[in-house]
Amino acid sequence: MLGILDWLSTLSYWHFITVIIALALTIIVVKVVISFDINKWQESRLNKLKVKIRLSCPHVHMRVREDDKVEVKSLFYTPFGTTNWICTQCGSTTPDKRQVDDILKYYAKNINAYNSQMKKTKKLYKKIS
């Protein structure tokens, strides 16, 4: 014990401050390492990806028919006994039928916007799987 006190008394002011900061940083690192839970981290990462998917989902399905016309179909449905509309692709909900119709009309007019939005959504689905 006297050896440590003698060593501390020989330190200059800046060395003493450096030792205190190093000890504080060591305590912080040990606290973070002990309290870090990888399962919670993975779960929060997965939840963030699900939110991003809901935000990037176009809620519309498009396909080209045999007569070279584009068919646009909404992915929203309303379960029996509720007024909410639920997207079958991402699970997003909305209580407003007008919003569903507006989304459908927007993507019917802007096919390039639909394609770029679907690319974003597919990238996010790849990250999740």
Side-chain angles (χ1 to χ4, degrees):
M1 182 74 176
L2 290 175
I4 294 174
L5 291 176
D6 290 337
W7 178 73
L8 286 175
S9 65
T10 60
L11 291 177
S12 69
Y13 177 73
W14 294 110
H15 289 117
F16 185 70
I17 296 295
T18 306
V19 168
I20 296 289
I21 291 173
L23 286 173
L25 288 175
T26 304
I27 291 170
I28 291 171
V29 167
V30 167
K31 173 69 175 152
V32 168
V33 167
I34 289 173
S35 67
F36 182 72
D37 185 7
I38 193 148
N39 291 328
K40 286 183 182 178
W41 176 76
Q42 285 179 336
E43 185 178 328
S44 69
R45 184 174 163 264
L46 182 66
N47 288 337
K48 287 178 186 177
L49 278 173
K50 285 179 181 179
V51 168
K52 285 182 180 180
I53 286 173
R54 284 189 178 142
L55 292 174
S56 72
C57 179
H59 313 298
V60 173
H61 176 71
M62 287 189 176
R63 71 178 188 99
V64 179
R65 296 189 317 203
E66 290 130 10
D67 57 354
D68 290 333
K69 291 187 179 181
V70 177
E71 180 181 353
V72 181
K73 180 181 173 187
S74 175
L75 293 176
F76 281 104
Y77 75 99
T78 181
F80 180 73
T82 66
T83 58
N84 286 341
W85 291 84
I86 302 172
C87 179
T88 56
Q89 183 170 344
C90 70
S92 180
T93 61
T94 181
D96 191 11
K97 172 70 171 145
R98 288 176 288 175
Q99 183 180 2
V100 173
D101 294 337
D102 290 343
I103 291 171
L104 194 63
K105 288 176 188 175
Y106 172 76
Y107 284 120
K109 291 179 184 176
N110 302 314
I111 296 174
N112 290 335
Y114 170 78
N115 289 335
S116 66
Q117 202 66 20
M118 276 308 293
K119 284 181 185 177
K120 291 177 188 175
T121 305
K122 285 179 183 178
K123 283 182 184 178
L124 290 171
Y125 273 120
K126 285 181 183 178
K127 285 183 181 180
I128 236 174
S129 59

Practice problem: Taking all heavy atoms of Y106 and all of A113, pick out the closest pair and write down the distance. | Solution: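 Between these two residues, the closest heavy atoms are OH-CB, 3.6 Å.
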
Quiz item: What are the two closest non-hydrogen atoms of C90 and H59, and how far apart are they?
Solution: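 Closest heavy-atom pair between C90 and H59: SG-CE1, 3.4 Å.
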
Self-check item: All side-chain hydrogen bond (donor to acceptor under 3.5 Å, both in side chains) counterparts of Q99, not counting sequence neighbours
Solution: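 Applying side-chain hydrogen bond (donor to acceptor under 3.5 Å, both in side chains) to Q99 gives T94.
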
Practice problem: Report the C-alpha distance between L124 and I128 in whole Å, list the side-chain angles of each, state the deciding distance to 0.1 Å, and finish with yes or no for side chain to side chain contact (heavy atoms under 4.5 Å, CB included). | Solution: CA-CA 6 Å; L124 290 171; I128 236 174; over 6 Å; no

Quiz prompt | Side chain to side chain, N39 and Q42, heavy atoms closer than 4.5 Å | solution =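 They are in contact (side-chain heavy atoms under 4.5 Å apart), so the answer is yes.
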
Quiz item: Less than 4.5 Å apart, any side-chain heavy atom of C87 and any of C57?
Solution: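 Sidechains of C57 and C87: in contact.
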
Exercise. Verify the cluster assignment for V70 and M118: are they in a single hydrophobic cluster under the rule of side-chain heavy atoms below 4.5 Å apart?
Key: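 Both belong to a single hydrophobic cluster.
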
Quiz prompt | Hydrophobic cluster identity match, L104 and W85, side-chain contacts under 4.5 Å | solution =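 The answer is yes; both residues are in one hydrophobic cluster.
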
Self-check item: Sequence neighbours excluded - side chain to side chain donor-acceptor pair (under 3.5 Å) pairs with any residue from residues 108-127
Solution: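 Found S56-T121.
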
Practice problem: Find the distance between CD (Q89) and CD1 (I53) and round it off to the nearest 0.5 Å. | Solution: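 Q89 atom CD to I53 atom CD1 measures 9.0 Å (nearest 0.5 Å).
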
Quiz item: Do any pairs count as a salt bridge (Lys or Arg N to Asp or Glu O under 4.0 Å) and have a residue in residues 60-74, sequence neighbours left out, and if so which ones?
Solution: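 Residue pairs with at least one partner in residues 60-74: R63-E71, R65-D67.
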
Self-check item: salt bridge (Lys or Arg N to Asp or Glu O under 4.0 Å) pairs, two or more places apart, involving residues 49-60
Solution: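 Salt bridge (Lys or Arg N to Asp or Glu O under 4.0 Å) check on residues 49-60 returns no pairs.
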
Practice problem: Please check if the side chain of T78 supplies one atom and the backbone of N84 the other of a donor-acceptor pair under 3.5 Å. | Solution: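 Yes, the answer is positive, given that a donor and an acceptor are paired below the 3.5 Å cut-off.
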
Exercise. List, by chain and then residue number, the residues other than Y77 in its hydrophobic cluster (Ile/Leu/Val/Met/Phe/Trp/Tyr, side-chain heavy atoms under 4.5 Å); write none if there are no others.
Key: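 Answer for Y77: I86.
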
Quiz prompt | Residue list, salt bridge (Lys or Arg N to Asp or Glu O under 4.0 Å) with D102, at least two apart or on another chain | solution =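 If we apply the salt bridge (Lys or Arg N to Asp or Glu O under 4.0 Å) test to D102, skipping adjacent residues, there are no hits.
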
